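To start, the structure under review is shown below, and the notes come after it.
Quick note on labels: first sequence line is chain A, next is B, and so on, each numbered from 1. Predicted model only: the values in this text are computed from it and were never measured.
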4 protein chains.
Amino acid sequence: MPARSDAQAQEGKRRLLLQAAVRVFARKGYHASRISDIAEEAGVAYGLLYHYFDSKEEVLRNVFRETWRALIATIKSVEEGDDPPREQLRKVAEILIRSWRREPDLVRVLVLEVTRSGHLAGEMDEIVASFAAIQEIVERGQADGTIRVDIDPLLASYVFYGAIDELLTGWVLGRLPDSDDDLARAERTVVEIVAGGLAPEHAGATA
Amino acid sequence: MPARSDAQAQEGKRRLLLQAAVRVFARKGYHASRISDIAEEAGVAYGLLYHYFDSKEEVLRNVFRETWRALIATIKSVEEGDDPPREQLRKVAEILIRSWRREPDLVRVLVLEVTRSGHLAGEMDEIVASFAAIQEIVERGQADGTIRVDIDPLLASYVFYGAIDELLTGWVLGRLPDSDDDLARAERTVVEIVAGGLAPEHAGATA
Amino acid sequence: MPARSDAQAQEGKRRLLLQAAVRVFARKGYHASRISDIAEEAGVAYGLLYHYFDSKEEVLRNVFRETWRALIATIKSVEEGDDPPREQLRKVAEILIRSWRREPDLVRVLVLEVTRSGHLAGEMDEIVASFAAIQEIVERGQADGTIRVDIDPLLASYVFYGAIDELLTGWVLGRLPDSDDDLARAERTVVEIVAGGLAPEHAGATA
Amino acid sequence: MPARSDAQAQEGKRRLLLQAAVRVFARKGYHASRISDIAEEAGVAYGLLYHYFDSKEEVLRNVFRETWRALIATIKSVEEGDDPPREQLRKVAEILIRSWRREPDLVRVLVLEVTRSGHLAGEMDEIVASFAAIQEIVERGQADGTIRVDIDPLLASYVFYGAIDELLTGWVLGRLPDSDDDLARAERTVVEIVAGGLAPEHAGATA
DNA sequence: GATGAATGAGATTTCATTCAT
DNA sequence: AATGAATGAAATCTCATTCAT
């Protein structure tokens with residue numbers, strides 16, 4: 001009876017439940033998901049869920065916290081790297097889009113239930129932070145002359161993030177094809193369009 | 001007592017309920033809204049709702065049908081007009097953004113409950129149609145040389161619509177300032193970026 | 001379809017539920033009683049209970065309010081009458097003891113669930129009021145010389161009420177015989193003892 | 001590690017749990033108290049409780065048995081002593097009222113959860129026995145002429161015990177002041193009234 | 001002895017929907 | 001058309017109890 005396995009098994013159950021919750025939320029949506037669905041998916045009695053989480057909402061909150069934060073951290077590290085802004089934007093797009101490939105259920109939940117819905121009102125800060133990173137990339141680009149200065153960086157971050165979010169939603173809802181090629185092309189496209197539109201040579205209209 | 005007024009009164013109650021539903025859905029979300037909330041908001045007994053609609057979902061469906069379609073029609077008419085593609089995109093952005101100004105509750109419901117959630121799965125066609133209009137604008141631009149041809153028009157429509165959708169969500173959730181100026185600037189920004197990025201002169205890096 | 005019967009039928013259902021609740025609480029105790037037991041006893045669906053009461057506790061609260069208050073009012077009217085104190089005490093004992101004969105279930109609930117338990121913490125005032133009436137009878141007796149003045153009227157009211165309450169409990173729990181004769185004898189006994197002990201002629205030992 | 005200390009430690013845990021249970025039951029009432037509350041109060045894991053007791057009810061039963069019996073024994077010894085009846089009643093009142101001073105939590109549980117509620121239906125005999133002792137004091141008084149013979153001794157015991165019980169309840173529920181003086185006065189009062197009312201000189205009314 | 005993860009019966013409560021009036 | 005009493009499926013959550021370690 002190795003001590004390590006005990007702690008691990010315990011933590012394992014928590015993880016197990018969280019992962020089961022992601023799958024169930026992805027499949028049926030948060031509201032339509034019952035606690036018993038999650039427990040059944042995890043193969044445990046539903047009472048156990050209440051050992052680890054206080055409520056259904058707490059489950060969603062934990063899914064969000066323990067995954068979104070990792071995502072934000074990754075994006076943040078890109079923003080703090082030395083790449084030129086356009087390459088940074090590309091990497092951010094890559095991270096978000098690849099996360100769909102790796103963990104489609106998770107992305108589905110994050111996109112449909114957390115980011116957009118009001119279910120996790122208190123968690124807004126975290127979400128805002130992800131825009132902030134993009135915003136800073138834009139600001140840096142404006143500082144070094146690679147991004148036109150007549151664009152509000154905050155709005156630019158919304159445009160960029162919204163474009164990717166819509167693509168994710170398209171895949172999530174099965175409206176867009178999602179082969180590896182499709183993902184790669186989408187990544188290129190969104191960067192081409194947004195980074196292109198942000199490029200300075202090209203101060204089309206007003207401000 | 002003219003017969004017309006009867007029919008009108010009848011239709012009036014229906015409208016009344018639909019408008020009340022929009023306000024309630026906007027305030028609490030579709031799932032958290034109770035039939036009785038809607039009836040109370042409309043000032044009628046809740047049983048009456050079942051004279052006009054078969055179910056709660058049917059209420060949402062009707063909200064969607066009777067508003068979204070009008071929006072799609074407007075967008076469609078832009079697409080069928082003679083403006084150059086960039087101007088068409090601007091008009092589409094203007095329509096969507098101004099709709100938020102005019103009927104924020106309605107937009108909130110459409111954005112948060114209909115477009116993103118699976119509540120109205122059957123209505124997908126309508127939603128897809130709104131992308132189709134943008135897609136066709138892009139295709140026409142590619143045909144007449146004002147839009148670069150190395151971009152998939154479908155993906156482009158997602159990028160454009162997603163950008164606007166994200167802005168709408170920002171306003172809906174109170175994350176973005178929404179004065180008239182803010183809206184105007186946002187409209188310009190999204191068009192600048194997306195239309196700019198779609199312009200052919202700067203076929204950036206990849207392909 | 002007489003309008004009166006409508007309102008009556010409605011109010012009737014409320015009463016029906018309240019009476020059913022009294023029977024069920026009396027039979028199984030408040031905690032062990034399920035909402036469905038009450039509904040079943042009343043012959044209605046349990047959901048209906050929630051049309052009339054917000055919660056199980058609210059049912060108990062209403063049972064209490066609508067019956068205890070009547071009791072207090074009766075006691076109060078005795079206290080405000082012209083009888084000499086001893087006769088007033090006898091009448092109070094009579095009222096409380098006869099209520100057991102008339103509505104044993106109700107008394108059981110009031111004695112076991114409301115008066116002693118903390119279930120209806122907020123309703124304490126009402127209970128205190130019933131002591132106040134007895135206390136005032138004692139004070140009046142002290143003023144007119146029929147009750148010894150070296151007794152704290154508040155404590156006296158506890159002794160008197162406690163004696164009766166214990167008898168009620170004895171009947172409620174089936175520990176005491178409760179024929180008409182038993183009740184009459186108990187009434188005489190409690191008045192003899194307490195009123196006797198309160199009489200001035202025999203200022204026993206202490207002070 | 002002496003064997004004795006082991007057994008003692010074991011017994012100590014049992015006591016610890018019982019005492020914790022008394023505090024918790026007193027604070028929240030039997031029904032609202034959770035096994036985990038008791039364990040937490042005792043500072044042990046809740047599973048341990050099941051080493052010592054078969055169930056939650058068994059805990060209450062043991063609290064009752066191991067304390068109430070001591071109380072009864074004390075009362076019984078008073079009854080078997082040589083004091084005159086009135087002094088015996090005084091001593092009984094003293095024992096019961098002082099127990100409140102010494103162990104208010106315990107008295108609260110005994111008064112509210114055991115004596116009145118049906119939780120420990122099987123333990124009724126014990127409770128009845130406590131009345132029996134008082135009853136016998138009264139009967140002895142009737143035999144030696146110090147207590148009037150037209151009073152049913154059983155009913156008299158209810159009156160006496162009920163008076164004290166009500167006072168205890170008053171203190172338990174915080175409705176009565178409970179300084180040392182208050183307790184002493186209450187003790188005198190209940191004895192004055194009941195013993196006074198039981199005294200023979202004074203064959204007030206009927207029979 | 002001690003722990004606390006795991007179980008699941010069971011209770012309350014909500015609310016969409018039906019339907020008699 | 002209009003009302004709201006009545007229904008009951010369904011969902012969340014609690015917590016006593018078991019049991020492997």
In dot-bracket notation, what is the pairing pattern of DNA chain E, taking Watson-Crick (N1-N3 plus N6-O4 or O6-N4) and G-U wobble (N1-O2 and O6-N3) contacts under 3.5 Å, with [ ] crossing and | for other strands? .||||||||||||||||||||

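The residue among G47(D) and G43(B) whose nearest nucleotide of DNA chain F lies closer to the 5′ end is G43(B). Each of E57(C) and S33(B) lies near DNA chain E, and the nucleotide nearest E57(C) is the one positioned closer to the 5' end. Nucleotides of DNA chain E nearest to H51(B) and S55(C) differ in position, and the one nearer the 5' end is that of S55(C).
The side chain of I35(C) lies closest to dT12(E), out of dT17(F), dT12(E), dA11(F). Of all nucleotides listed (dG4(F), dT13(E), dA5(E)), dA5(E) comes nearest to the side chain of Y46(D).
Residues D37(D) and E41(D) form no side-chain contact, since every pair of their non-hydrogen atoms from C-beta on lies 4.5 Å or further apart. The closest side-chain heavy-atom distance from W68(A) to V114(A) is not below 4.5 Å.
Atom C1' of nucleotide dT18(E) and atom CZ of F53(B) are separated by 18 Å, given to the nearest angstrom. The nearest whole Å value for the distance from the NZ atom in K28(D) to the C1' atom in dC15(F) is 12 Å. Distance CG (L16(D)) to P (dG1(E)): 14 Å, rounded to an integer number of Å. Remark: P of dT13(E) and CZ of R34(A) are 22 Å apart, rounded to the nearest angstrom. Look at CD on E58(C): it is 15 Å from C1' on dT12(E), rounded to the nearest Å. Regarding Y30(A), its OH atom lies at a distance of 12 Å from the C1' atom of dA11(F), rounded to whole Å. Rounded to an integer number of Å, the gap from L49(A) CG to dA6(E) P is 11 Å. Per the geometry, CG belonging to D37(C) stands 12 Å off P belonging to dG10(E), to the nearest Å.
Between Y52(C) and the phosphate of dA5(F), there is no side-chain N or O to OP1/OP2 separation shorter than 4.0 Å. Taking 4.0 angstrom as the limit, K13(A) places a side-chain polar atom (N or O) nearer than this to OP1 or OP2 of dA6(E).
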So Q19(B) and V63(B), side chain to side chain contact (heavy atoms under 4.5 Å, CB included) or not? Walk me through it. CA-CA 8 Å; Q19(B) 287 163 355; V63(B) 166; over 6 Å; no

Working for side chain to side chain contact (heavy atoms under 4.5 Å, CB included), residues L60(A) and V109(A): CA-CA 9 Å; L60(A) 182 59; V109(A) 172; 3.8 Å; yes

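Figure legend: K13(A) and Y52(A) shown without cation-pi pairing, the cationic atom not lying both under 6.0 angstrom from the six-membered ring centre and within 45 degrees of its axis.
Annotation for E40(C): atom CD does not count as buried by contact number, only 12 or fewer foreign heavy atoms lying within 6.0 Å.
When heavy atoms are screened at a 4.0 angstrom cut-off, L48(A) is found touching base atoms of the nucleic acid.
Between R108(A) and D105(A) no salt bridge is recorded (no basic side-chain N to carboxylate O distance below 4.0 Å).
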